[in-house]
Amino acid sequence: MNSPTAQLAAFAAQLRFAALPAAVVRKTEDLLVDWFGSAVAGHGARPVDSITRFALGMGPQNMPGCDQPAGPSEVIVRRGRSSPYLAAMANAAASHVAEQDDVHNGSVFHPATVVFPAALAVAQAIGASGQQLLTASVAGYEVGIRVGEFLGRSHYKVFHTTGTAGTLASAAAVGNLLGLDAAHMQHAFGSAGTQSAGLWEFLRTAADSKQLHTAHAAAAGLMAAYLAQDGFTGAAQIFEGPQGMAAGMSRDADPARLTDGLGSRWATAETSFKYHASCRHTHPAADALLQVMQRYGLAPDDLARVVTHVHQGAIDVLGPVVSPSTVHQSKFSMGTVLALVARFGHAGLVEFEQHFSDDLTQALRDRVTMVLDADVDSAYPRRWIGKVTVHTRDGRVLTGRVDEPKGDPGNTLSRDEITTKAMRLAAFSGGATAAEMQAAVAALWGVAQWPRVGDLLGSPV
């Protein structure tokens, strides 16, 4: 059966390193280093600690006086080891909490946080090479992005696409590492898709569910691939079938998106990096506000009112967050993000941690509004345009527009900037020393030459 599901499964199963363009390999290395910084940044975060305690308590671990052998896969935030399944779970939770992991605009999907934890855990367990790790990761990115695009805008209104499409991305990456053929990969997709989950309702009450979404997606996709290897069967048309994902999760699903340009369009290379430590929906407006403030020499006190012209997806996700009560929830508050950007020129981890609830931040936050803009909305999700109208206290009305926010492919981060970002994330969390991060990042830049994937913090090759 040559269905879109079957075609996508065959692509993921058959992808090999030799087929990857050099630019895609380089971008995947960039994405891996960027993800590693976010994973280390999860150290000490309460929701991550909770999921990690659960994971380590459920499997092999390094514990004083414990005779049970440690597992083969690294749990980055704890410097421990566990089974691939549980290590993937813990590392996926860790790498999503700082809101600094990557995003693909067209699918509104964060690939790194579900692909790399699963691929790394399995690569360490089976002794895969660096090239095999990179190839599997590209398979995960290409599948997950296409599934997110397939599910469409209506899906994202209710479902957190990283939690849903993420199960398929993880299954594709792990299935590629395990050497599944096309038929077994299709079964893995069926088992992954039936486990897809993740609802936005958590934002209204500042719940911890976002980390659970990525933890579950990475682990569930990994399990689906291993089950398929063992002969376990899954739905043959999990995407487009009459009772498949589209039927239950979308009103505008487009099966053609599943196979769009397979082998010629490399969606991995389209992925954006995050500059500000907040929900990506805030970034375009934040950069546009910075543009206006720098162009006209404005100070925070000059801002009487800021109108952000946004797409509907931004309103759907950010709208419920009116008065954020936690640091993490504040990263989904357009007003808070723009207030921090106005005050400090950047909405980073330190700015959120120390100033999200300051009186001045709250005062500026309340001067920010969102309005739906037809032009911005029609470009979304392919392009995330930032537009603001700034009303100053002296009566001026100033406008700003950014077509490619910092981190987008046309305005991307250099390797030096990625390295600096990773170092900054580790310093903030205390998850690794500067010397440890320098050594780990330096080694990761050469991942394609690794004969065997080892620990990233410790002995990386």
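All values below come from the heavy atoms of this structure, side chains included, with hydrogens, waters and symmetry mates left out.
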A.B. asks: Any salt bridge (charged side-chain N to carboxylate O under 4.0 Å, His left out) pairs touching residues 282-306, not counting sequence neighbours?
C.D. replies: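 Non-adjacent pairs meeting salt bridge (charged side-chain N to carboxylate O under 4.0 Å, His left out): zero.
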
A.B. asks: Hey, is the main chain of I418 close enough, under 3.5 Å, to the side chain of D34 for a donor-acceptor pair?
C.D. replies: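 A pair under 3.5 Å: no.
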
A.B. asks: Which residue pairs pass the salt bridge (charged side-chain N to carboxylate O under 4.0 Å, His left out) test with at least one member in residues 38-47, sequence neighbours excluded?
C.D. replies: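 Checked against salt bridge (charged side-chain N to carboxylate O under 4.0 Å, His left out) - neighbours excluded - the pairs reaching residues 38-47 are R46-D208.
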
A.B. asks: Between T28 (side chain only) and V24 (backbone N and O only), is there a donor and an acceptor less than 3.5 Å apart?
C.D. replies: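 Yes; at least one donor-acceptor contact below 3.5 Å.
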
A.B. asks: Do R365 and S323 have side chains that get closer than 4.5 Å, going by heavy atoms?
C.D. replies: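 In contact.
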
A.B. asks: Testing the basics here: between A440 and L457, what is the closest heavy-atom pair and its distance to 0.1 Å?
C.D. replies: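 Looking at all heavy atoms of both residues, the closest pair is CB-CD2, 4.3 Å.
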
A.B. asks: Taking only distance into account, with no hydrogens and no angle test, what donor-acceptor pairs under 3.5 Å do side-chain atoms of residues 111-122 form with protein atoms, sequence neighbours excluded?
C.D. replies:
{"from": "T113", "atom 1": "OG1", "to": "A92", "atom 2": "O", "distance (Å)": "3.1"}
{"from": "T113", "atom 1": "OG1", "to": "S95", "atom 2": "OG", "distance (Å)": "2.9"}

A.B. asks: Within a strict 4.5 Å, meaning less than it, do heavy atoms of the S137 and L32 side chains meet?
C.D. replies: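 Heavy-atom side-chain distance check fails, nothing below 4.5 Å.
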
A.B. asks: Is there side-chain contact between L444 and W450, with at least one heavy-atom pair below 4.5 Å?
C.D. replies: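 Yes, their side chains come closer than 4.5 Å.
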
A.B. asks: So, the side chain of D377 versus the backbone of Q312: is there a donor-acceptor pair under 3.5 Å, distance only?
C.D. replies: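 Looks like yes, one N/O pair under 3.5 Å.
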
A.B. asks: With the side chain counted from C-beta on, respond yes when M334 and V337 share a heavy-atom pair under 4.5 Å apart, and no when they do not.
C.D. replies: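 No, every pair of side-chain atoms sits at 4.5 Å or beyond.
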
A.B. asks: Using only atom types and a distance under 3.5 Å, with no angle test, would you say the side chain of E74 pairs donor to acceptor with the backbone of A87?
C.D. replies: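 A pair under 3.5 Å: no.
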
A.B. asks: To the nearest 0.5 angstrom, please state how far the OG1 atom of T419 sits from the CE atom of M437.
C.D. replies: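 Interatomic distance, T419 OG1 to M437 CE, rounded to 0.5 Å: 9.0 Å.
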
A.B. asks: Applying side-chain hydrogen bond (donor to acceptor under 3.5 Å, both in side chains), can you list everything that pairs with Q195, at least two apart in sequence or on another chain?
C.D. replies: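 Scan of Q195 (side-chain hydrogen bond (donor to acceptor under 3.5 Å, both in side chains), adjacent residues dropped) gives none.
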
A.B. asks: What are the two closest heavy atoms between D260 and R146, and how far apart are they?
C.D. replies: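 Nearest pair, atom of D260 first, then R146: O-NH2, 2.8 Å.
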
A.B. asks: Show the nearest heavy-atom pair for residues S196 and L168, with the distance to one decimal.
C.D. replies: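 Between these two residues, the closest heavy atoms are OG-CD2, 3.8 Å.
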
A.B. asks: Quick one: does S82's side chain have a donor or acceptor within less than 3.5 Å of a partner on A70's backbone?
C.D. replies: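 Not confirmed, S82 side chain does not pair with A70 backbone.
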
A.B. asks: At what distance, to the nearest 0.5 angstrom, does CZ of F109 lie from CG of D102?
C.D. replies: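 CG of D102 is found 8.5 Å from CZ of F109.
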
A.B. asks: Grab the two heavy atoms, one from A224 and one from S191, that are nearest each other, plus how far apart they are.
C.D. replies: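 A224 and S191 have their closest heavy atoms at CB-CB, 3.7 Å.
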
A.B. asks: Run the side chain to side chain contact (heavy atoms under 4.5 Å, CB included) check on V350 and F344 step by step: do they pass?
C.D. replies: CA-CA 10 Å; V350 172; F344 305 106; over 6 Å; no

A.B. asks: Test your reading of the model: is there a side-chain donor-acceptor pair from Q329 to the backbone of L203, 3.5 Å cut-off?
C.D. replies: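 A pair under 3.5 Å: yes.
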
A.B. asks: Tell me every residue that passes ring-ring contact (aromatic ring centres under 6.0 Å, His included) with Y85, counting only those two or more places apart in sequence or in another chain.
C.D. replies: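 Y85: no ring-ring contact (aromatic ring centres under 6.0 Å, His included) contacts found.
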
A.B. asks: Answer yes when R153 and D252 have at least one side-chain N-carboxylate O distance shorter than 4.0 Å, and no when they do not.
C.D. replies: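 Here R153 does not pair with D252 in a salt bridge, since their nearest N and O are not under 4.0 Å apart.
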
A.B. asks: If you apply the rule side-chain hydrogen bond (donor to acceptor under 3.5 Å, both in side chains), what do you find for S357 with Q362, and how did you get there?
C.D. replies: CA-CA 6 Å; S357 61; Q362 292 187 54; 5.2 Å; no

A.B. asks: Going through the checks in order, is the side chain to side chain contact (heavy atoms under 4.5 Å, CB included) test met by V103 and V108?
C.D. replies: CA-CA 7 Å; V103 62; V108 202; 5.6 Å; no

A.B. asks: Mind checking what makes ring-ring contact (aromatic ring centres under 6.0 Å, His included) contact with H96, not counting sequence neighbours?
C.D. replies: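 By the ring-ring contact (aromatic ring centres under 6.0 Å, His included) rule, H96 matches H110, H160.
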
A.B. asks: Below 6.0 angstrom between ring centroids: does that apply to Y141 and W266?
C.D. replies: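 No; W266 has its ring centre 6.0 Å or more from that of Y141.
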
A.B. asks: Under 3.5 Å, is there a donor-acceptor pair between the side chain of R367 and the main chain of L303?
C.D. replies: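 Looks like yes, one N/O pair under 3.5 Å.
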
A.B. asks: F150 and H155: aromatic ring centres closer than 6.0 Å?
C.D. replies: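 No: the rings miss the under 6.0 Å criterion.
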
A.B. asks: Within this structure, what is the CZ-NZ distance for the pair F273 and K421, rounded to the nearest 0.5 Å?
C.D. replies: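 The distance works out to 7.5 Å.
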
A.B. asks: With rounding to the nearest 0.5 Å, note down the distance linking NE2 in H216 to OG1 in T214.
C.D. replies: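 Between H216 NE2 and T214 OG1, I get 11.0 Å after rounding to 0.5 Å.
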
A.B. asks: With ring-ring contact (aromatic ring centres under 6.0 Å, His included) as the rule and sequence neighbours excluded, what pairs involving residues 364-385 come up?
C.D. replies: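 Residue pairs passing ring-ring contact (aromatic ring centres under 6.0 Å, His included), neighbours aside: H281-W384, H311-Y380, H311-W384, Y380-W384.
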
A.B. asks: Within the 4.5 Å heavy-atom criterion, are D375 and I385 side-chain neighbours or not?
C.D. replies: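 No; the side chains remain at least 4.5 Å from each other.
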
A.B. asks: Which heavy atom in G42 sits nearest to a heavy atom in V97, and how many Å separate them?
C.D. replies: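 Nearest heavy atoms, G42 then V97: CA-CG1, 3.7 Å.
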
A.B. asks: With sequence neighbours excluded, give me every salt bridge (charged side-chain N to carboxylate O under 4.0 Å, His left out) pair touching residues 343-364.
C.D. replies: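 Output for this query lists R343-D358.
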
A.B. asks: A277 and F352: which non-hydrogen atoms are nearest, and at how many Å?
C.D. replies: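 Shortest heavy-atom separation between A277 and F352 comes out as O-CE1, 3.3 Å.
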
A.B. asks: With a 4.5 Å heavy-atom cut-off, do L364 and V368 have their side chains touching?
C.D. replies: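 Side-chain contact under 4.5 Å: no.
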
A.B. asks: Do Q124 side-chain atoms and G454 backbone N/O form a donor-acceptor pair below 3.5 Å?
C.D. replies: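 The answer is yes, because a donor-acceptor pair under 3.5 Å joins these two groups.
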
A.B. asks: Taking salt bridge (charged side-chain N to carboxylate O under 4.0 Å, His left out) as the cut-off, I'd like each qualifying pair that reaches into residues 399-412, sequence neighbours left out, listed once.
C.D. replies: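 Those involving residues 399-412 are R280-D408, R383-D403, R401-D403, K406-E417.
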
A.B. asks: Apply side chain to side chain contact (heavy atoms under 4.5 Å, CB included) to the pair E149 and R382, showing each step before the final yes or no.
C.D. replies: CA-CA 10 Å; E149 292 177 337; R382 281 293 182 185; 3.4 Å; yes

A.B. asks: What is the distance from atom OG1 of T433 to atom CD of Q438, rounded to the nearest 0.5 Å?
C.D. replies: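 These two atoms lie 8.0 Å from each other.
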
A.B. asks: Test of understanding: with salt bridge (Lys or Arg N to Asp or Glu O under 4.0 Å), list the residues that count as partners of K27, not counting sequence neighbours.
C.D. replies: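 Residues passing salt bridge (Lys or Arg N to Asp or Glu O under 4.0 Å) with K27: none at all.
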
A.B. asks: Of all residues at least two apart in sequence or in a different chain, which pass the side chain to side chain contact (heavy atoms under 4.5 Å, CB included) check with T389?
C.D. replies: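 With sequence neighbours excluded, T389 shows a side chain to side chain contact (heavy atoms under 4.5 Å, CB included) to V307, H309, H391, V397, T399, given in chain and number order.
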
A.B. asks: Take L398 and L298, measure what side chain to side chain contact (heavy atoms under 4.5 Å, CB included) needs, and give me the verdict at the end.
C.D. replies: CA-CA 11 Å; L398 310 172; L298 301 181; 4.0 Å; yes

A.B. asks: With sequence neighbours left out, what residues match K210 under salt bridge (Lys or Arg N to Asp or Glu O under 4.0 Å)?
C.D. replies: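 With neighbours one apart ignored, the set is E99.
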
A.B. asks: Are the side chains of T361 and T336 in touch, meaning some heavy atoms are under 4.5 Å apart?
C.D. replies: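 Yes, at least one pair of side-chain atoms sits under 4.5 Å.
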
A.B. asks: Checking N91 side chain against I76 main chain: does a donor-acceptor pair fall under 3.5 Å?
C.D. replies: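 Pair found, side chain donor or acceptor close to backbone of I76.
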
A.B. asks: Quick check for you: to the nearest 0.5 Å, what is the distance between F159 atom CZ and M245 atom CE?
C.D. replies: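 Here the rounded value is 9.0 Å.
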
A.B. asks: Should we count CZ of R415 as having more than 12 external heavy atoms under 6.0 Å?
C.D. replies: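 More than 12 heavy atoms, drawn from other residues, nucleotides or ligands, come within 6.0 Å of this atom.
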
A.B. asks: Main chain of D416, side chain of T420: is a donor-acceptor contact present, judged purely on distance under 3.5 Å?
C.D. replies: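 Yes: the side chain of T420 pairs with the backbone of D416.
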
A.B. asks: With a 4.5 Å limit on heavy-atom distance, are the side chains of L8 and V147 in contact?
C.D. replies: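 Yes, side chains in contact.
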
